[in-house]
Amino acid sequence: METERSLSEMTGEEILEYLKELRKNRENAALDRLLEKARKISEKAMGDSKKAPTMKSMQSLIDSVGEDDSEC
Amino acid sequence: MLVVDEKTGEKLYYVDHSTLSTFQTCKEKCRLNTVEHLVPQREYLPFTFGGAYHAGLDMLRESNDLEQAKLNAIKYLKKHESSMELNMDSAGDRRSVERCLNLIAAYHERWKNEIFEIYRSPDGKAYTEIGFKIYMGDWVDNIPVMLCGTIDAVVRDRSGGSLWGVETKTTTLALPTFIKHAKPNVQIGIYDKACHEYIGIDIKGFIWDCTYVSDRKANATGSFWAMQGIDLEKDFYRVRTTRSETDRKELMFDLNASITDYLTWYSKDNIERWPRNGASTGACHNYNGCAYLSICESNANPNVISSLYQVKEWKPWENKPEITYSVENRIMKL
């Protein structure tokens with residue numbers, strides 16, 4: 001995680017770069033959370049059925065991954 | 001307020017819409033600002049945020065270069081030694097550098113296919129940040145009174161060729177309500193009159209161009225703009241507003257009355273303070289509270305003033321054009 005920076009200690013270009021990086025980190029963190037969620041769902045599906053996922057369980061997995069996770 | 005023009009050495013009374021509007025809402029606030037020249041030590045974030053956003057848009061209008069626009073906004077914040085936080089999600093206030101830059105990018109996206117284009121002079125210079133000062137007549141001490149202001153931009157309708165002034169505002173009020181402030185609106189009225197009668201740009205009206213400063217956090221799994229805390233449809237509204245000849249005449253009546261009222265108080269000697277009428281007009285607590293509230297609450301305790309405020313003179317003549325637009329036959333008398 002980046003440490004907090006202040007306006008006065010950076011040039012304009014550095015600030016733009018820092019904010020780009022900040023956004024990328026946010027997106028990566030959100031993606032990690034989604035992947036973790038998907039992994040758990042997948043594990044649960046496998047554990048429940050003791051067999052390969054069906055089209056139905058895959059669809060449920062895709063739907064849950066596609067959810068808008070506004071708490072992130 | 002009375003100033004000595006640094007270029008000519010001439011004494012002038014300068015008034016602008018902001019001074020007159022402050023005077024209407026609280027006379028004492030106006031005195032603290034325009035007579036005592038007091039400004040709070042602590043940064044007033046809505047002011048610096050709005051200034052940076054305008055600096056960014058000004059560059060965007062002139063160059064159409066988004067990167068340069070963002071850099072210009074940062075330059076403004078640095079020039080004003082702003083302590084605004086960078087990160088939108090960790091900022092204690094809804095105003096952060098990140099939100100300001102995101103709004104500039106979103107503004108560009110929202111209006112890039114609009115029907116208007118920046119109006120340019122034959123030599124290619126963009127009509128942006130057009131400063132003006134209008135001679136309103138002489139005060140009772142024979143010192144000229146100048147009404148000054150800065151118009152954000154003039155744009156041209158690509159379909160019909162008509163010209164429109166633009167006034168951009170940032171607000172935390174809901175935009176469906178805020179766009180109703182387009183008329184009546186003294187600031188727009190003054191700018192409209194300046195364009196028509198003094199600067200000589202035949203505008204059809206003004207575009208009241210509003211940007212909502214939200215407190216939305218970045219939604220990292222949302223759409224491209226949601227990731228930046230922006231709602232492209234809800235955060236930007238525009239409305240066209242026009243003024244008739246009668247509107248302009250009525251405006252002059254109101255302006256003459258409020259300038260006379262202001263200068264009457266301004267010219268009073270040996271007076272300790274002006275009336276504190278902010279409590280009855282709502283000015284004390286509107287918009288996160290008046291910047292001078294501590295002074296009134298402490299009944300002008302000198303220790304409060306010296307620790308929380310600094311003296312900084314307003315220089316309205318800066319960034320204003322050399323030309324003065326004259327008005328004939330309008331001599332102000334008490």
Side-chain angles (χ1 to χ4, degrees), chain A residues 1-49 52-72, chain B residues 43 45 48-49 51-52 55-56 59-60 65-93 95-106 108 214-231:
Chain A
M1 189 67 190
E2 288 264 0
T3 51
E4 287 292 317
R5 307 281 300 273
S6 76
L7 189 62
S8 58
E9 66 190 39
M10 288 189 278
T11 64
E13 286 79 6
E14 283 171 341
I15 290 168
L16 293 184
E17 200 50 45
Y18 170 76
L19 291 176
K20 254 186 224 165
E21 203 56 39
L22 194 69
R23 207 165 81 199
K24 211 188 291 172
N25 289 344
R26 252 187 225 134
E27 287 170 29
N28 288 341
L31 194 60
D32 285 347
R33 281 195 296 272
L34 285 176
L35 286 172
E36 178 59 19
K37 201 172 168 184
R39 191 184 61 75
K40 281 181 184 163
I41 293 168
S42 172
E43 273 176 6
K44 191 172 181 289
M46 291 296 278
D48 285 350
S49 62
T54 61
M55 281 301 285
K56 199 178 168 189
S57 66
M58 283 302 286
Q59 188 56 53
S60 132
L61 179 69
I62 292 163
D63 289 347
S64 55
V65 169
E67 275 174 11
D68 181 6
D69 191 353
S70 53
E71 293 299 306
C72 293
Chain B
E43 181 183 358
L45 281 177
T48 34
F49 187 93
M59 178 59 80
L60 188 63
D65 183 330
L66 185 56
E67 198 79 352
Q68 285 306 313
K70 289 180 176 180
L71 286 171
N72 211 40
I74 295 171
K75 192 175 156 190
Y76 177 94
L77 291 170
K78 283 178 153 300
K79 185 183 163 193
H80 288 80
E81 297 172 349
S82 173
S83 58
M84 193 180 291
E85 288 189 61
L86 289 172
N87 185 342
M88 176 167 71
D89 285 347
S90 59
D93 191 276
R95 296 169 187 86
S96 62
V97 178
E98 188 181 17
R99 191 178 307 281
C100 180
L101 303 187
N102 289 352
L103 278 173
I104 292 170
H108 180 58
S214 79
D215 57 1
R216 260 181 247 116
K217 300 287 182 194
N219 178 357
T221 56
S223 68
F224 176 78
W225 291 108
M227 280 183 203
Q228 302 182 55
I230 303 276
D231 184 324

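These numbers come from a predicted model, not from an experiment.
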Check your understanding: Looking at residues at least two apart in the chain, or sitting in another chain, which of them share a salt bridge (Lys or Arg N to Asp or Glu O under 4.0 Å) with A/Arg23?
Key -> A/Glu27
Point to revise | Any side-chain heavy-atom pair of B/Asn102 and A/Leu19 under 4.5 Å | key: no
Check your understanding: Which atom pair, heavy atoms only, marks the closest approach of B/Thr221 to A/Ala30?
Key -> CG2-CB, 3.7 Å
Check your understanding: Is it the side chain or the backbone of B/Gln228 that comes within 4.5 Å of chain A heavy atoms, both, or neither?
Key -> side chain
Exercise for review: To the nearest 0.5 Å, tell me how far A/Ile15 CD1 sits from B/Leu86 CG.
Suggested key: 5.5 Å
Check your understanding: Which region of B/Asp89, side chain (C-beta onward) or backbone (N, CA, C, O), has a non-hydrogen atom less than 4.5 Å from a non-hydrogen atom of chain A, or is it both or neither?
Key -> both
Check your understanding: Does CD in A/Glu36 sit with more than 12 non-hydrogen atoms of other residues, nucleotides or ligands closer than 6.0 Å?
Key -> yes
Review point. Does atom NZ of B/Lys217 have more than 12 heavy-atom neighbours from other groups under 6.0 Å away?
Key: yes
Show which side-chain atoms of residues 73-80 of chain B pair as donor or acceptor with protein atoms under 3.5 Å away, not counting sequence neighbours.
{"from": "B/Lys78", "atom 1": "NZ", "to": "A/Leu7", "atom 2": "O", "distance (Å)": "3.0"}
{"from": "B/Lys78", "atom 1": "NZ", "to": "A/Met10", "atom 2": "O", "distance (Å)": "2.6"}
{"from": "B/His80", "atom 1": "ND1", "to": "B/Tyr76", "atom 2": "O", "distance (Å)": "2.9"}

